[in-house]
Each structure stands twice: as structure tokens, then as C-alpha cells.
Amino acid sequence: MQSGNGTVTHGCWQPVPGEPSAAIWPYIRKADIVSSNTYLIRSGNVTLVIDPGGLQSQADEIAAVLAKDATPCVLVLLTHAHADHFRPLMDHPYFRDRTRVALAVQESGARALAAADPLVTQSALLEKEITPTKTTLPLFSESVTGRGGMMTAACGPAGTIHLATTVRTAKDGTHFTEQVLYSDDSCPVVLYHTPGHSPDSICIRIGSLLFIGDLLFAAGPGVAGMAGWNREELIRSIDRVLEILKEGIVTQCMPGHGYILSCDDAIRTLSGVKRDAVALEGIEELNLSRAKETAVYAEGLMDEVEEIFTVITARLLFVSHVLDELEESGEAGTVEKLIDAGKIDDLMNDFHRFSEEHRAGTKGTMQLALKAGQIVGKLDRMFSQQELALVLDPEYVRRAGRLLLDYTIVLRGFRQPRMLKNVTIGPFVAGFVASLDQSGNEDLMGSADDPVEFTRSLIRKIARRPVFRKVTCECAGEVNGWQAEIDSTVLGDLIRTILEDFAGCGSGEIAVKIASASGGLSITIAPGSAGIPEPGEVRKEFLRSECARAGGNLRWMASPPGIRIELQPLPFSGMP
Amino acid sequence: MEIRTEKQEKGAVVHAGGRIDTAAAPSLEAELNRLIGEGQRKILLNFSNVPYISSGGLRVLLATAKKLRGENDSFSLCALNPEVTKIMTLAGFNTIFSIYPTEGEAVAKW
């Protein structure tokens with residue numbers, strides 16, 4: 001596996017750029033949340049293990065390299081104490097023996113490891129159990145920060161390591177603490193405390209390589225908001241690291257996950273991370289409870305997204321087929337190319353496989369939420385709302401776009417936006433239902449003289465064949481003028497989703513009724529024929545969350561069958 | 001996906017099992033083409049064990065329908081679950097294919 005710029009390569013010893021007395025053996029993985037990269041650095045009588053990772057197989061491979069090329073002193077140096085970076089310290093026979101392998105981590109990380117803190121170490125979020133671990137050499141401890149000094153600690157059965165602390169002044173005049181780790185015959189290892197992703201995050205410079213831990217991902221979905229995450233500190237740390245990168249010493253950045261970056265690429269990427277971090281004011285804490293909530297939402301949303309995108313691609317196929325029958329094969333091909341149906345199919349299959357692994361317990365909750373985010377991102381990039389809306393029902397296309405955007409917002413740690421307004425419910429629902437019937441909207445006769453416009457109208461006529469011909473709407477007299485605070489876009493989408501469920505199953509005439517119910521206001525949607533199947537729990541939960549966002553509660557009714565949206569009416573003089 | 005074909009006096013009933021997506025569609029298409037190649041002109045697809053069909057699967061159904069459009073030919077579907085029925089209806093395919101609630105009702109039309 002190449003490192004990305006061809007200079008430093010996975011899985012072999014090579015000189016450290018800028019420090020010829022040292023050698024590096026990188027273990028570089030495709031980025032995920034299961035395990036970090038590991039970097040071995042050998043210099044004099046010391047071998048550093050920067051982040052042993054989170055996987056047994058990775059630890060086995062690293063331990064085999066260490067056993068073969070052993071130095072008397074082996075020191076694990078953590079960029080931060082998150083479980084995907086340190087797990088072998090607890091459960092791997094080579095790494096858990098502290099008399100053989102010493103451990104250095106920033107002081108607050110050391111405290112979290114000693115207490116096996118499930119929140120600070122993210123072991124709870126990653127659904128992994130950890131056991132308490134002692135640190136040999138705590139870094140940036142309160143006793144030296146801002147003052148300077150020297151410490152020495154035993155490292156392995158025969159070695160010692162030194163830690164020198166100095167206080168420096170940044171360009172903006174602020175003071176910061178820098179530490180240098182070394183043994184009697186090893187190269188200097190410069191440490192910078194860079195909190196934000198976690199309180200104990202550090203960056204490490206050896207020669208012209210800068211090891212930056214998870215700084216590149218610190219403002220990303222599924223990462224920002226973790227226990228110990230701090231936006232202001234993150235922004236300050238990014239500024240500090242950008243300053244280091246611009247000094248001209250560093251040539252390559254070694255991230256905690258994914259491929260190695262050139263200094264210029266790292267500057268560009270970190271500047272983007274800073275912009276993202278600035279925009280993250282007010283995000284919610286990312287804990288296991290929110291991860292589970294997001295994963296449940298992801299499953300429901302992906303069901304809905306799969307259905308919408310299947311209908312979109314199938315409808316385009318239908319239009320193409322009809323055009324082909326009309327001997328308009330050129331237009332048929334153009335319509336089919338509006339979206340890559342095969343790619344969408346592949347993405348959905350990928351998510352289904354992942355969901356099954358999650359249900360089988362081999363994939364974690366957070367992984368499922370992130371996988372959904374990855375799929376949603378890819379769908380969003382291959383989905384041109386503007387082009388599709390020229391052919392298909394624009395409201396259908398807009399709803400697909402909204403769902404993709406909603407998930408991105410939730411995964412980034414924000415609540416879905418609610419555009420609540422006081423709305424008179426009767427006219428709103430009646431108007432909405434009336435707008436659904438689009439039959440006869442296309443004036444084919446009117447465009448008959450213009451071949452281009454005629455073809456466009458014909459395509460729209462075929463593509464927008466109505467599915468809601470049999471929906472009636474009735475507003476009970478007693479609720480005339482009643483208002484409720486709702487998000488009208490979300491409520492409209494919800495009503496449409498329910499109507500599609502009923503119409504899609506051939507329910508016959510569908511009745512929408514607005515009436516008072518138990519002092520509240522209700523919108524009841526009832527199928528004309530019995531036997532509408534009740535949705536599964538995942539879909540029910542998704543529809544309930546959509547309804548809550550719209551400003552109401554959703555109930556399934558058994559007899560007569562139907563769905564009721566309950567709204568809280570706003571008090572006004574006409575109410576009983 | 002699993003495919004089992006049952007030959008009857010007047011035609012063949014193909015029982016599909018599993019998601020019919022881009023990955024699974026070629027095996028269904030191969031079986032349908034094999035039957036047509038053998039001279040079968042009446043084919044019924046029993047969807048009772050199909051939880052989902054994508055546009056990749058629908059494309060195979062369209063291609064088969066085009067091959068079986070002679071006067072005495074028949075290509076129909078039966079026992080669709082609610083999700084598949086919904087996709088067929090919302091996409092408009094219920095206007096192209098003959099869809100029956102049960103296998104018995106479909107075979108009775110042969």
C-alpha cells in the first residue's frame with residue numbers, strides 16, 4: 001500500500017525524512033472507526049509505537065515486527081487515548097506487559113486509562129470493553145505545563161527516557177508548552193499538546209514528519225461532539241498546527257486514520273477542518289445514546305430513501321420504455337441517463353449488507369450511522385434535483401433531496417431544522433390534497449407545433465402520471481379556522497408518504513378528514529379498502545419522528561384502519 | 001437469489017426468492033431466456049418470496065414482456081408483497097404488466 005505521495009510506504013522499515021538516524025515502519029489502514037494507523041519509529045535504543053490501533057490482527061503484525069527488530073526500550077506513545085488507538089494495551093499479550101512496553105500519553109488521557117473511563121476513551125461509543133491501564137510517563141502534566149522542567153522514566157527492563165519541557169511564545173504572543181522526548185542515543189521527538197478532538201490530543205514531530213492523530217477528522221460527522229470534544233480548543237489547536245506546518249520543517253503529515261498527506265495538502269485540509277469546526281457551534285454531544293438514536297433514524301431513513309430512489313429510477317425506466325414503444329428511442333436513452341440506476345442499486349445493496357452485519361452484531365451502532373452517512377453522501381453527489389425535476393414530479397424529487405440533507409444534518413450532530421409556523425390546518429390540508437392530482441397538467445395540444453416542446457411535454461405527461469386520483473378531503477365544520485404550529489413542508493411530505501403507502505397498495509378511494517379529537521385537532525387518513533398492511537417497527541419509528549418534527553403525534557388505528565396525525569391547536573376565540 | 005421453475009401443462013411458473021436487484025437480475029434473466037429458448041410462451045413469475053425489486057430487476061421484466069407479446073403469449077406476475085406492489089404502482093409498471101393476487105388466478109387466465 002502506498003502512502004499517497006510515494007515517499008513513505010506501508011509495511012517496511014525506511015529512513016525518517018529529515019532524521020537519518022531514525023527509521024519508520026508505518027502500518028497504514030483505509031480510514032474507519034475500528035482502528036487507527038500505527039507508526040513504529042526506531043532510533044538508537046528506543047522503538048516508539050505511535051498508536052497501536054484497535055485490532056488484534058494489526059497488533060499481532062506490529063508485535064511480530066517489534067519482536068524481530070527489537071530495541072531494549074519500547075515505548076507506546078498515544079496521540080490520544082481513544083479505544084481505536086490503544087486497544088492492544090489491554091488485551092494483547094505483547095502490549096499489555098508494562099515492564100516490557102512503556103506507555104506515554106497526555107496526563108488527562110492517562111487518568112482516563114487508569115480509570116478505564118468508557119466515555120473519555122470512547123469505548124462506550126465503540127461498544128468495546130476496556131480494563132484499567134497504568135501510564136509510565138504522563139505528558140504535559142499540570143506540574144510542568146507553563147513552567148518547563150525535566151523528567152526521566154524507566155522504559156523497558158534496561159532503558160530510560162527523558163522528557164524535557166520548555167515554554168515557547170507563538171507568533172500571536174501567546175505562550176505554549178512544548179516537550180521533547182529522547183533517550184541517551186535516540187533522536188529528539190517533539191510533542192505539542194493540541195486538545196480539541198479530545199483533551200489529551202497531542203501532535204508529534206520526528207524529523208520532517210508530523211504525526212497529527214485525529215485532527216483531520218475532528219470536525220467530521222460521527223466525531224465532532226464526542227465526550228471531551230471542545231470546539232474552541234480544536235480551532236486553537238488547528239491554528240497552532242497550521243503555524244507549525246508553515247514553518248517549513250514538516251514535509252509530510254501522518255494522520256491517525258487513512259493515507260499520509262504532503263505538507264501542502266495537510267494545510268489545505270486542516271484549513272477546511274477549521275472552517276467546519278467554526279460552523280459547528282451548538283452541536284449535541286455524541287454519546288452512545290445519540291449514536292443509537294442516529295442509527296435507528298438511519299435505518300428508517302434508508303428504507304425511505306431506497307424506496308424513493310427505486311421509484312425514481314423505475315419511473316425513468318417506465319418513461320424510457322413508453323418512449324421506446326413510441327419509437328422515440330433517442331429520447332428514451334436521454335431519460336434513462338438522468339441517473340445511474342445501477343450505481344444506486346449497488347449503494348443500496350452495500351447498505352443492506354452492512355445492516356445485516358449490524359443486526360448480526362459484527363458491526364457497531366456508530367459504524368451503521370456512519371455507513372448510512374457515506375451512502376447518503378454518495379447519493380447526494382449523483383443526484384441532480386434540477387435535471388430530474390424537469391421530468392419527474394418536482395415535489396417527489398425535492399422530498400428525496402430533503403431526506404438526504406436531513407440525515408447529513410443529524411449525523412453532523414445537529415437536530416433537524418423545524419420551520420414552525422401557525423397554519424390554519426383545514427385549508428392547508430385541503431389545498432395540499434388538491435395539489436396532488438396532476439392529471440391533465442400537460443398541454444400536449446398546445447405544444448403540437450413545436451417538436452422540441454411537444455417531446456418535453458410528452459415526457460412529462462408520461463412521467464407524471466398521477467397515482468392520487470382517488471383522494472378526498474373533508475374538514476369538519478367544528479374545526480374551521482383552527483390553527484396549529486407546524487412545519488408545513490414536513491407535514492405535507494408525511495401526508496404524501498402515507499397516501500403513497502395506501503395508493504401503492506391499491507387501497508381504492510382514500511379519505512382525508514380533519515376533525516377535533518379529544519380536545520385536539522386530528523388529520524385522519526383512511527384507506528378505502530381494508531387490509532392495508534401495518535408497517536414494521538423501523539418504518540413506524542421513522543414516520544413517528546417525521547410527524548414529531550412536523551409538530552404532531554402519529555397513531556395507527558386498527559378499526560377502522562388508518563393513520564391519525566394529532567396536532568395541538570392554538571387557542572383562539574372560536575374554540576369551544 | 002433463488003430461482004425455481006415449475007413447468008405446467010400450458011406454461012411455466014418461475015418462483016423467485018430474494019431481492020431482485022442489479023446483482024440478482026442476470027440470473028433471473030438467464031432463466032427466463034432459457035424458458036423462452038425452449039419454446040415456453042406462457043410464463044408466470046411468482047413473487048411471493050421477493051421482498052424488493054429494483055429498476056435493474058424491472059428492466060429484466062420489461063425485456064421479457066417484449067419477447068412475449070404475441071397473440072397467444074402470456075407474461076404475468078403474481079403474489080406481490082405490499083412493498084413490491086407499491087413500487088410497481090408508483091412507477092407505473094402496473095399499467096404494463098398483468099399482475100394477479102394469486103398463482104391460481106394467474107394460471108386460470110392461460
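Quantities reported herein were computed from a predicted structural model and do not represent experimental measurements. Note on naming: letters A, B, ... go to the chains in the order of the sequence lines (proteins, then strands), and numbering restarts at 1 for each one.
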Which one, [options], leads in non-hydrogen pairs under 4.5 Å with chain A?
options: B:N81, B:L62, B:I87; answer: B:L62
options: B:I53, B:I96, B:N94; answer: B:I96
options: B:S55, B:G57, B:A25; answer: B:S55

Drop me the distance from [X]'s [atom1] to [Y]'s [atom2], to the nearest 0.5 angstrom.
X: B:R19; Y: A:M348; atom1: CZ; atom2: CE; value: 9.0 Å
X: B:L90; Y: A:T310; atom1: CG; atom2: OG1; value: 11.0 Å
X: B:Y52; Y: A:D303; atom1: OH; atom2: CG; value: 10.5 Å

Would you find more than 12 non-hydrogen atoms of other residues, nucleotides or ligands less than 6.0 Å from [X] atom [atom1]?
X: A:R555; atom1: CZ; value: no
X: B:E38; atom1: CD; value: yes
X: A:K337; atom1: NZ; value: no
X: B:E6; atom1: CD; value: yes
X: B:K67; atom1: NZ; value: yes

* So which pairs with a foot in residues 301-347 of chain A pass ring-ring contact (aromatic ring centres under 6.0 Å, His included), sequence neighbours left out? -> A:F309-A:F383, A:F318-B:F93

* To do: Decide, yes or no, whether a salt bridge links A:R539 with B:E83 under the criterion of side-chain N to carboxylate O below 4.0 Å.
  => no

* Asked: Closest heavy-atom contact between A:C505 and B:T85?
  -> CA-CG2, 4.3 Å

* Structure fact -> So, the part of A:A503 with a heavy atom under 4.5 Å from chain B: the answer is backbone

* Asked: Between A:V311, A:L317, A:T313, which residue shows the highest count of heavy-atom pairs closer than 4.5 Å to chain B?
  -> A:L317

